[in-house]
Amino acid sequence: MQKLSFSWTFIFIFLLTHICSAQMNKIEQFGSNPGALDGFLHVPENLTQPQGIVVAMHGCLQDAETYANETGWNDLADKYGFIVLYPQQRAENNANRCFSWYQEGDINKDQGEALSIRNMILHVQAQHKLEKIPIYATGLSAGGAMTAVMMATYPELFDAGAIIAGIPYKATTSLAGAFPAMQGQVDQRPDQWSALVTEQNPDFKGEYPRIVVFHGAADPVVNRQNMVELAQQWTNLHGLKPEQVEVIENFEGNTHVTRKNYPEGAASPKVVTYEVAELGHALAVDPGSGPKQGGQTGKYAVDIDFHFTYWAADFFDLLQDQ
């Protein structure tokens with residue numbers, strides 16, 4: 001009986017892993033890969049006219065599959081009809097699988113990991129004939145910081161981004177500066193923050209991507225001050241002032257959540273922040289089958305009856321039934 005129990009447990013785990021893995025396919029070749037990253041793609045079955053591409057980047061100590069399962073991005077993609085691309089860090093690059101948001105050679109335009117992710121996106125566009133489709137970036141922690149990197153270096157590529165427990169673009173350019181940046185000790189004026197972005201594309205005349213930021217007020221790893229600095233960086237890029245803000249407490253009846261819209265009263269705000277009381281360094285999820293529910297709890301995913309991914313997709317204008 002003991003052997004039988006072990007065998008069935010092993011088979012169950014194998015099948016569960018296979019089912020989870022089957023949601024995504026690895027991209028074997030996507031062109032130049034100076035950052036030595038991997039990429040995985042989720043395309044809903046029978047999808048003919050995708051609404052967009054979401055580029056979803058995991059946090060440290062995670063991989064693409066874990067992030068897909070905990071965020072629920074694939075479930076939303078299946079329901080609303082869009083594609084999800086998951087860049088993945090290799091352990092050979094970083095033992096903790098962190099994206100290199102703090103390395104000069106990985107966060108400048110057309111260099112390192114930033115270029116690898118850009119080439120993944122162009123590959124997916126070409127393979128699926130999606131050259132004119134909207135593209136969105138999102139990520140948690142190091143993946144959130146890398147989201148800021150991608151929007152700063154390739155603003156023409158992205159329509160919007162969602163940063164979860166992330167850090168402003170170029171808060172540091174070295175490993176030594178990473179920890180002070182994470183603790184919110186890098187304080188600059190809004191124009192100084194935005195200059196770090198505009199220097200990447202001095203001839204860019206278009207509109208910068210819209211941005212939504214999610215952050216736990218009790219985050220001990222990436223201090224909430226980074227949410228404030230991100231809002232300053234991106235409101236300045238959009239020609240807004242941080243004080244031009246609409247504050248919505250108890251958002252959607254959740255006493256933990258405060259939403260801020262920039263500018264005040266805008267039907268489609270350029271910058272939005274969600275601060276979640278008592279949440280540490282984690283995603284907020286709301287497992288269930290309700291229309292605004294989703295995600296799974298995990299090491300970096302906490303059930304507080306508020307699904308970050310749903311509200312990111314809402315900000316991206318992806319929640320339109322097929």
Side-chain angles (χ1 to χ4, degrees), residues 20-59 62-68 71 73-74 76-78 80-94 97-101 103 105-140 142-162 200-201 204 206 209 312-313 316 318:
C20 291
S21 299
Q23 296 180 18
M24 301 185 294
N25 294 314
K26 186 175 182 180
I27 304 172
E28 296 298 342
Q29 298 290 336
F30 54 85
S32 173
N33 186 13
L37 301 178
D38 293 321
F40 294 84
L41 190 66
H42 174 76
V43 180
E45 292 184 8
N46 304 316
L47 182 63
T48 55
Q49 294 182 322
Q51 293 196 63
I53 300 171
V54 173
V55 183
M57 289 167 276
H58 63 79
Q62 293 184 314
D63 57 21
E65 184 176 309
T66 300
Y67 195 61
T71 59
W73 271 116
N74 291 355
L76 284 177
D78 291 342
Y80 293 105
F82 55 88
I83 291 172
V84 191
L85 169 64
Y86 296 92
Q88 179 175 283
Q89 182 61 279
R90 296 176 182 174
E92 304 94 282
N93 299 335
N94 185 294
R97 289 188 179 272
C98 304
F99 288 104
S100 300
W101 58 271
Q103 297 281 20
D106 285 298
I107 62 175
N108 285 317
K109 185 180 179 70
D110 296 338
Q111 293 182 25
E113 292 179 13
L115 180 56
S116 290
I117 296 169
R118 179 254 194 190
N119 287 344
M120 287 184 206
I121 297 168
L122 296 185
H123 172 81
V124 171
Q125 285 182 302
Q127 288 293 104
H128 295 269
K129 298 180 174 59
L130 303 173
E131 285 79 4
K132 296 182 180 180
I133 199 167
I135 302 172
Y136 310 97
T138 183
L140 166 68
M146 206 66 194
T147 297
V149 169
M150 295 309 299
M151 293 192 298
T153 51
Y154 302 104
E156 75 286 351
L157 197 58
F158 296 98
D159 287 67
Q200 288 294 302
N201 295 276
F204 180 67
F316 294 164
L318 285 171

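- Going from atom CE of Met24 over to atom CZ of Phe40 covers 6.5 Å, rounded to the nearest 0.5 Å.
- Between the CD1 atom of Ile107 and the CE atom of Met146 there is a distance of 8.0 Å, given to the nearest 0.5 Å.
- A pairwise comparison of heavy atoms in Pro34 and Gly112 identifies CG-O, 3.4 Å as the closest pair.
- Applying the side chain to side chain contact (heavy atoms under 4.5 Å, CB included) test to Thr66 and every residue at least two apart in sequence or in another chain returns Gln62, Asp63, Glu70.
- Closest heavy-atom contact between Leu37 and Arg90: O-NH2, 3.5 Å.
- Without hydrogens or angle criteria, Gln200 side chain to Ala152 main chain gives no donor-acceptor distance under 3.5 Å.
- Residues Met57 and Met150 are in side-chain contact: their nearest non-hydrogen atoms beyond the backbone lie under 4.5 Å apart.
- The ring-ring contact (aromatic ring centres under 6.0 Å, His included) search around Tyr136 returns Phe316, not counting sequence neighbours.
- Counting all heavy atoms, side chain and backbone alike, Thr71 lies closest to Tyr67 at OG1-O, 2.7 Å.
- One finds the CD atom of Glu65 at 10.0 Å from the CG atom of Asn74 (value rounded to the nearest 0.5 Å).
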Exercise answer: donor-acceptor pairs, residues 122-134 side-chain atoms, under 3.5 Å, sequence neighbours excluded:
residue	atom	partner	partner atom	Å
His123	ND1	Gln29	O	3.4
His123	NE2	Gln29	O	3.4
Gln125	NE2	Glu131	O	3.4

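- Between the side chain of Asn93 and the backbone N or O of Ala36, at least one donor-acceptor pair lies under 3.5 Å.
- Put simply, CD1 on Ile83 and CG on Leu41 are 6.0 Å apart, with the number rounded to the nearest 0.5 Å.
- Taking 4.5 Å as the limit, some side-chain heavy atom of Leu157 sits within range of a side-chain heavy atom of Ile121.
- Not one N or O on the side chain of Thr147 forms a donor-acceptor pair closer than 3.5 Å with the backbone of Gly161.
- Between the CZ atom in Phe30 and the CG atom in Leu85 there is a gap of 9.0 Å [rounded to 0.5 Å].
- Interatomic distance, CD1 of Ile135 versus CE of Met151, reported as 13.0 Å (0.5 Å rounding).
- Using a 4.5 Å heavy-atom threshold, the side chains of Arg97 and Gln88 count as touching.
- Annotation for Pro87 and Ala56: closest pair CD-O, 3.5 Å, computed over non-hydrogen atoms.
- A donor-acceptor contact closer than 3.5 angstrom is absent between the side chains of Gln89 and Asn94.
- Within the 4.5 Å cutoff, no side-chain heavy atoms of Phe158 are placed close to those of Ile53.
- Looking only at side-chain heavy atoms (C-beta outward), Asn119 and Asn33 stay at 4.5 Å or farther from each other.
- For the residue pair Asp106 and Gly35, the shortest heavy atom distance occurs at OD1-CA, 4.5 Å.
- The backbone N or O of Tyr80 lies less than 3.5 Å from a partner atom in the side chain of Gln51, making a donor-acceptor pair.
- The side-chain heavy atoms of His42 and Asp78, taken from C-beta on, include a pair separated by under 4.5 Å.
- For the pair Tyr154 and Val149, the minimum side-chain heavy-atom distance is 4.5 Å or more.
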